[in-house]
Amino acid sequence: MADNKTQNMDILSVEEAAVYLKFSTTYIYKLAKKIPHINYGRHIIFRKADLFDWLGAMVEPCRFQQGA
C-alpha cells in the first residue's frame with residue numbers, strides 16, 4: 001500500500017484526469033484554465049491530490065434549515 005507522500009504525487013494525463021473526475025477530455029481541456037495543472041512541454045498533466053483539493057474547494061455547504 002502506498003504511503004501518503006507517494007499517493008499525493010500521483011500524476012495524471014488529461015485522459016486519466018477525465019476518468020478520475022468523470023468529465024470528458026474536451027471539458028478537462030476547457031477547465032485547464034481553472035484546474036491546477038502542470039504544462040510539461042506540449043502536455044498538460046495533473047497531480048491527483050490537486051484535483052481532489054480543487055473539487056473539495058467547490059463543495060457548497062448545505063443551506064437546509066430545519067424547522068423553517
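Note that this is a predicted model, so its numbers are computed, not measured.
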Using distance only, find each side-chain donor-acceptor pair of residues 16-24 under 3.5 Å and give its atom names and separation, not counting sequence neighbours.
unit_1 : atom_1 : unit_2 : atom_2 : d
E16    : OE1    : S13    : N      : 2.8
E16    : OE1    : S13    : OG     : 3.4
S24    : OG     : Y27    : N      : 3.1

If you apply the rule side chain to side chain contact (heavy atoms under 4.5 Å, CB included), what do you find for L51 with R47, and how did you get there?
CA-CA 7 Å; L51 295 178; R47 289 189 301 192; over 6 Å; no
Are [Y] and [X] connected into the same hydrophobic cluster when the rule is that any two of I, L, V, M, F, W, Y join if their side-chain heavy atoms are below 4.5 Å apart?
X: L55; Y: I28; value: yes
X: Y29; Y: L31; value: yes
X: Y40; Y: F46; value: no
X: M58; Y: F52; value: yes

Give, for atom CD1 of I11 and atom CD1 of I45, the distance between the pair rounded to the nearest 0.5 Å.
5.0 Å
Between H37 (side chain only) and I35 (backbone N and O only), is there a donor and an acceptor less than 3.5 Å apart?
yes
